[in-house]
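Note that ligands are numbered from 1 as they come in the structure, with each ligand's atoms numbered from 1 the same way. Keep in mind that the numbers below use all heavy atoms, side chains included, and drop hydrogens, waters and symmetry copies. Sequence positions, counted from 1, serve as the residue numbers for this chain.
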Amino acid sequence: MSSLNGDVSPTPSSQPDTPQANGIRPAVNGHFPSNSESSGSSERIQVINDEKNFTQDLTAQIQRWGLRDVGFNYNIVAVFGSQSTGKSTLLNRLFGTTFDVMDESKRQQTTKGIWMCRGKGMGVMVMDVEGTDGRERGEDQDFERKSALFSLASSEVLIINLWEHQVGLYQGANMGLLKTVFEVNLGLFGKKAQEGTSGRTLLLFVIRDHIGVTPLANLQATLTADLTKIWESLAKPQELQDRQLSDYFDLAFTALPHKILAADQFESEIQQLRRRFVDKERDDYLFKSAYHKRIPADGVAFYMENIWEQVQTNKDLDLPTQQELLAQFRCDEISSAAQAEFNEQSKSQRRPIEAGRVVEGLGGLMRNWKTQALTRYDRDASRYHQGVYKRKRADLLAVLDSTLSPLFLGQLKNMHKLCLVAFKKEMLDGMRGDEYNFADVVGKARDKCETRFTEGAKEALLEDTDWTWEDELELLREEVNNVADQCRKDETKKMVNLIERNFKRQISEPVDLSLNKASPDMWDKVLSTFRSTLDKAESTYLVKAKSFNCTDEENTTAIASLRKRAWLALRAKIDEQTADTVILGKLRAHFEERFRYDDHGVPRVWRPEDDIDGAFKKAKDQTLDLIPRYSKIAPLDSSLEYTLPSEPSDSLSSSEDFDFPATLIIFSETKSLDLVSRFRRDADAYYVEAKRSTVSSIAQIPYWMYGVLVVLGWNEAMVVLFNPLYFTFLLTALASAYAIIKLGLTGPLIQVSRTVAGEVQRQASQRLREHFSQPMLAQPVRASSVGSDYEEDRDQDQVLKRRPEPM
Ligand SMILES: Nc1nc2c(ncn2[C@@H]2O[C@H](COP(=O)(O)OP(=O)(O)OP(=O)(O)O)[C@@H](O)[C@H]2O)c(=O)[nH]1
């Protein structure tokens, strides 16, 4: 092991300063020609090429260096600093490595990517890192940030190489870069370092071309102050807020004289420094165990590859270049200007759309605004950094689309509403009159509505967007179906109502006729009329329902409802014809027909010898027979009987339960009895009247009485004619009569006279009747009044006996 760390002092002359002097092929950019050059322990390898790829040969190379099995007995050192500041020269001198050194005559970048070489005669893996701030990479700081972080995280000692005149500069001394690297390092590995799993790191500042005017101590103080300052300004993770620079890093400083102007001094200082890397016994030994990462040598390759991967994937290092920054700023400005104009244009259509209007040609307008905005952006922004320009263009496009999206969606919604309204109108227009096929009307209206919506939606849809209108069309379809369905239901209802109205009209007359006649087959006629009319109504419904695309279930329900409503309509008609006054009228008419008219339909004039009682009884019995006939719908022919299921009512009619057998009963027993008694009263009046008519014919004044009056009144008449006073009175009376006639007062006078005469006649008749007729009338009237109670009971029994049994 001692040999590994043995103090090998390569003579300066033997150290190659240039690739040519070493006979080493220069690295080819971006490639691993063999991933190692030279041979034996002086072989070097490009660990990371300038395209940021990590080599796969590191493990093998460590094996070739003979370091694979040394466990922890090795060290890693890396260098960091601006390009062409003698980093490779320093490493070659210190560790006897064979890194390429710049050709003075060309002055260009020598080290590309990160190279590694084993220190000559020592177990040290030395990493030569591409210089920072090189003109070759220009503004692209990506690699220098990543390579610096990689070096910091993977090595025990990081040599920070800088010219004396760079001390105190911010960018020149790579302070900006170090700040970023410290920050990300703290974020990525800070916690591990704190836990002690990944050791501290020594930052060794090597100040080149130190003239000596400014003592090293002063330079050291400046650098320490600068580092402390940038450390304090770091954005540290929450849990590491109070961590100090010294918690992670040790700082060491050394100065080297000018290599050419003070070559000997330079060499001796180099040797001094080399000893600090080699001599473990020294107090200022640099590879202290605290810096060791505690990774066995055989795992170093894997460990480093891991670190590189973490560094690579860390977004915090992807800081933009100046060019990108400028591009970002300008592209943002240009994009904002384009957006402002675009917003103005789009605003003009926002209000009408929000108000629910469909803007004709909205798609064209939106396309136009979008193209204008993009053209404007492209014209001004395409000159800037292409990556930024494209990124910002995509952002602008997204903003434009998101601004237009509500217009598109609003347009869809408005079209949806408009199409629905148009659909309803189309339906109404199509359903005018009776000769329409509902299915055809709906089909046409639907097609028109969908076509209109689809055309409008396609017009409004912008290319290269993820907008869709199919969902809205689906919604529209659903609503159209709902409207059509509702319409169909309404139409079906209307049709059923119409059929019902027609039905009522059609049955009205035949039922009236049948019920007026009250023949024994009255109900047969009523029911057969009902059946035939209902059959017609049902077939009318079925024909219409077919064009409405009604389902079988709907048809069954509608027919059932129609039947029930038809039955109720019939029942209403019957009720109308059997209302108290109407049925009493019917009974009266029936009775009158039989009692007051003879068999030939001639009015009867009752004579005392006529059998009024017999005729009265017969007519009354026949009439009373009608009450049980009317009281229940009971056809003689049982095949004509009609039944309906008794069930709770459907939505088309009332919500009450429907009890069919109850609808067959027209009168209850109580009602029948009431009718009997009411009819009897009427019939009795007829009877009395008949009786009176015979009396009044007997009580007539005989004609000879008038002759007697003339004879007896002759003298009085002569007295009037020949007496001047009476005659004058007569003349006055005649003149008054004449005047009355002329003045048109005849009517009122006659009226008054009639009233007076009537009263006189009444009084006279009364007196005469009392005088002449009292003994003749006494007997029959008494018989009638005595028999009335008995007859009433008998009539009621008769009615009850004739009532048909309930069905
Ligand atoms: N003035 C001066 N020049 C030096 C010193 N060390 C090396 N040089 C010269 O500086 C030039 C660059 O040396 P390199 O070692 O290639 O520098 P580098 O930093 O490794 O260069 P890159 O790898 O390209 O970044 C060479 O011509 C060296 O001879 C020094 O201490 N002082």
Do you know which two heavy atoms are closest between Thr85 and Asn161, and how far apart they sit?
O-ND2, 2.8 Å
Would you check whether Thr85 reaches within less than 4.0 Å of ligand 1, judged by its heavy atoms?
yes
Sub-4.0 Å atoms of ligand 1 with respect to non-hydrogen atoms of Phe266:
31 (O)
Distance only, no hydrogens: is a donor on one side chain within 3.5 Å (strictly under) of an acceptor on the other, for Tyr291 and Asp250?
yes
Full working for ring-ring contact (aromatic ring centres under 6.0 Å, His included) between Trp308 and Phe150
CA-CA 6 Å; Trp308 182 246; Phe150 173 75; 5.6 Å; yes
Are Val101 and ligand 1 in contact, using a heavy-atom cut-off of under 4.0 Å?
yes
Going by the atom numbers of ligand 1, which of them fall below 4.0 Å from some non-hydrogen atom of His258?
1 (N)
Do any heavy atoms of Phe99 fall under 4.0 Å from ligand 1?
no
Closest heavy-atom pair and its distance - Phe249, Arg200
O-NH2, 3.5 Å
Report yes if the side chains of Phe205 and Leu216 come closer than 4.5 Å at any heavy-atom pair, otherwise no.
no
Logged contact type for Trp115 with ligand 1, heavy-atom cut-off 4.0 Å, is neither
Sub-3.5 Å N/O-N/O distance, Thr89 and ligand 1:
yes
Does the N or O separation between Lys87 and ligand 1 drop below 3.5 Å for any pair?
yes
Checking Tyr248 against Phe182 for the ring-ring contact (aromatic ring centres under 6.0 Å, His included) test, could you report, in this order, the C-alpha distance in whole Å, the side-chain angles of both residues, the deciding distance, and whether it holds?
CA-CA 10 Å; Tyr248 297 98; Phe182 280 163; 9.5 Å; no
Check each of Ser84, Ser82, Pro257 against atom 22 (P) of ligand 1 and report the one with the nearest heavy atom.
Ser84
Taking the side chain as C-beta and beyond, is there a heavy-atom pair between Val124 and Tyr74 under 4.5 Å?
no
Lys293 with Glu156: basic N within carboxylate O range, under 4.0 Å:
no
For ligand 1, does Arg208 get within less than 4.0 Å through its side chain, its backbone, both, or neither, judged by non-hydrogen atoms?
side chain
Quick note on ligand 1: atoms under 4.0 Å from a heavy atom of Asp209 include exactly 1 (N), 2 (C), 30 (C), 31 (O), 32 (N)
